[in-house]
Amino acid sequence: MDSMKGQGGIQMLLTAEQEARQIISSAKNLKLTRLKQAKEEAEREMKLYHSNMEAAHQKKISETSGSSGSNVKRLDEETALRIQSLKKSASRVSSDVVAMLIKHVTTVKA
């Protein structure tokens, strides 16, 4: 009878050990599944962050180049106005300058 109890005890221990192995194996599989999910989620978040940063960068570049284009346009307009102003000034004094040049060229000093 004692040998039967011993055999039953051993069998019970083996069954408990087998159940423990299954529980550990199940926990390992669950852990691996959760790690894979976490990795996939992190990759999605990283791609989303990257695309947001890229969009912000492109927006900033377009704003900067746009303002640069407006600066160029503004400078072109200012330059054209200055050129017109200089042409008007030159046309006002050109007759005086021509007269002065003719006077100096034709006057002989003794």
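- Residues passing the side-chain contact (heavy atoms from CB on, under 4.5 Å) test with Arg44, sequence neighbours excluded: Glu40, Glu41.
- Counting only distance, with no hydrogens or angles, the side chain of Ser85 and the backbone of Leu81 share no donor-acceptor pair below 3.5 Å.
- Shown here is Gln58, whose CD atom has more than 12 heavy atoms of other residues, nucleotides or ligands within 6.0 Å.
- From Leu101, atom CG reaches atom CG of Asp96 across 11.0 Å, with rounding to the nearest 0.5 Å.
- The NZ atom of Lys73 sits 12.5 Å away from atom CG of Leu75, with the distance rounded to the nearest 0.5 Å.
- Checking side-chain atoms of Ser26 against main-chain N and O of Gln22 turns up no donor-acceptor pair under 3.5 Å.
- Expressed to the nearest 0.5 Å, how far CG of Leu35 lies from CG of Leu30 amounts to 9.5 Å.
- Under a 3.5 Å cut-off, the side chain of Ser94 and the backbone N or O of Ser91 do form a donor-acceptor pair.
- For the salt bridge (Lys or Arg N to Asp or Glu O under 4.0 Å) condition, the pairs that include at least one residue of residues 13-30, sequence neighbours left out, are Glu17-Arg21.
- Taking a cutoff of 4.0 Å between a charged side-chain nitrogen and a carboxylate oxygen, Arg74 and Glu78 qualify as a salt bridge.
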